Amino acid sequence: VLVVGQGGREHALAWGLAGNPTVDRIYAAPGNAGMAEVATCVPIAVGDLPGLVDFAKREAIDLTVVGPEAPLVAGLADELQVRGLRVFGPTRAGARIEGSKVWARELCERHGIPSPRARAFTEFDDAARYLEDLEPPFVVKADGLAAGKGVTVAPDRATARRALEDALVNRVFGDAGSRVLVEEFVEGTEVSALALTDGRDVLPLALAQDHKRLGDGDTGPNTGGMGAYSPVPLVSEDLGHRIVEEVLIRAVRALEDEGIRYRGVVYAGLMLSPDGPRLLEFNCRFGDPETQALLPRLASDLGELLLACVEGNLGAYRIHWSPKACVSVVLASRGYPGEYETGHEIGGLEEARKVQDVAVFHAGTAWRDDRVVTAGGRVLAVSALGRDLAEARARAYAACEVVSFEGMRYRKDIATNLSGVRRG
Ligand code: GLY
């Protein structure tokens with residue numbers, strides 16, 4: 001198996017695959033210091049599509065599992081399939097659910113997937129005029145991939161106009177921001193609902209919740225995610241069914257209707273509003289750090305499930321979860337999510353792993369002279385299982401306390417406010 005990517009999500013995927021009898025050898029491209037413990041890391045960048053395809057062909061890779069969205073949106077799955085190789089992850093056409101927010105929203109409208117009211121614009125003046133029809137706060141989204149920075153929740157018109165100007169006039173996101181979506185703000189609690197699919201059958205994963213803001217109490221700037229937990233006690237069984245029926249299954253049916261055979265993960269970022277679930281965004285890949293909170297709970301063979309998506313026989317599988325809860329805490333570098341420091345030695349990794357039921361997933365790490373050093377904004381995700389979220393949280397934080405590196409910071413309140421995480 002070849003795992004494409006180098007973050008905590010990809011480490012969790014490689015770790016999950018390594019524990020399965022169906023998988024005998026794992027490569028990671030490019031991987032990180034933690035992935036090197038379970039995989040052979042090869043120095044091919046996630047954006048080097050020809051390099052990845054040539055490697056998969058040369059090594060007769062049975063299954064390529066693509067972690068991040070950018071190579072999927074760029075067509076990595078298409079290129080692998082042309083060469084007769086199996087790949088977990090949608091083709092370019094399917095990856096548009098994440099690659100174009102406008103297209104995804106139109107898909108929702110065409111197929112009755114509940115989502116906030118929104119309109120697309122290419123001209124600043126038109127978009128600014130539309131703001132006059134809405135009440136604050138406003139949500140402004142760049143259409144394309146913007147490295148997680150393309151969404152602004154604006155408390156007032158002036159902030160929304162600045163976001164529109166940045167995208168449409170100043171082109172701070174390049175082509176990704178040449179169209180924007182202006183969306184009504186929906187109050188509620190966010191939840192991440194992921195499902196595996198072979199394009200027909202849909203196998204929902206357990207729900208997870210992500211903490212996107214940097215600071216405790218959901219304060220400070222947005223990040224890629226500072227921690228996650230699963231299950232989500234706030235979501236009742238009934239609501240869980242609605243999420244599966246109204247969003248996940250409907251999304252796969254919608255794609256099928258549009259002639260797209262989608263094989264991979266559909267990730268729905270949802271707002272649980274008083275009127276029911278509302279789709280804020282689709283992603284075409286596993287969540288980060290949700291994956292680090294989900295895979296420790298997975299009791300089924302991950303390799304078998306991912307392969308079933310690719311081979312089109314997912315209907316023959318069920319998915320089994322540990323009844324335990326999982327909490328994952330992200331340890332980040334000083335400066336993140338802005339410019340951050342790197343190159344600091346990380347201590348305590350071995351000790352952290354000795355804490356009961358703990359797995360330490362590497363995100364931004366590298367080897368330097370036989371030492372593991374920081375090499376990214378999000379450095380590690382410390383995940384722990386427990387009988388309930390309180391026990392999992394206590395174990396995760398006990399492990400965090402023994403890890404150290406210069407400038408390390410993390411949230412102290414992951415999985416504490418179980419009644420909700422406000423939209424960030
Ligand atoms: N945790 C948010 C994401 O993966 O997009």
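Just so you know, ligand 1 is whichever comes first in the structure, and atom 1 is the first atom listed for that ligand. Note that the structure is a prediction, hence the values are computed from the model and not measured.
Every pair passing salt bridge (charged side-chain N to carboxylate O under 4.0 Å, His left out) that includes a residue from residues 292-311 is listed here, sequence neighbours excluded: R86-E311. Under the salt bridge (charged side-chain N to carboxylate O under 4.0 Å, His left out) criterion, the residue pairs touching residues 333-346 are R334-E341, R334-E406, E345-R371, with sequence neighbours excluded.
We find that E183 and R117 are not joined by a salt bridge, their nearest charged nitrogen and carboxylate oxygen being 4.0 Å or further apart.
Side-chain rings of H11 and F361 approach one another, their centers coming within less than 6.0 Å.
Looking at E258 and H111, their side chains do bring a donor and an acceptor atom within 3.5 Å of each other.
Pocket lining of ligand 1, defined as residues with a non-hydrogen atom under 4.0 Å away: D210, G224, Y267, N283, R285, G287, D288, P289, E290.
Judged as a side chain to side chain donor-acceptor pair (under 3.5 Å), and not counting sequence neighbours, E79 has no contacts.
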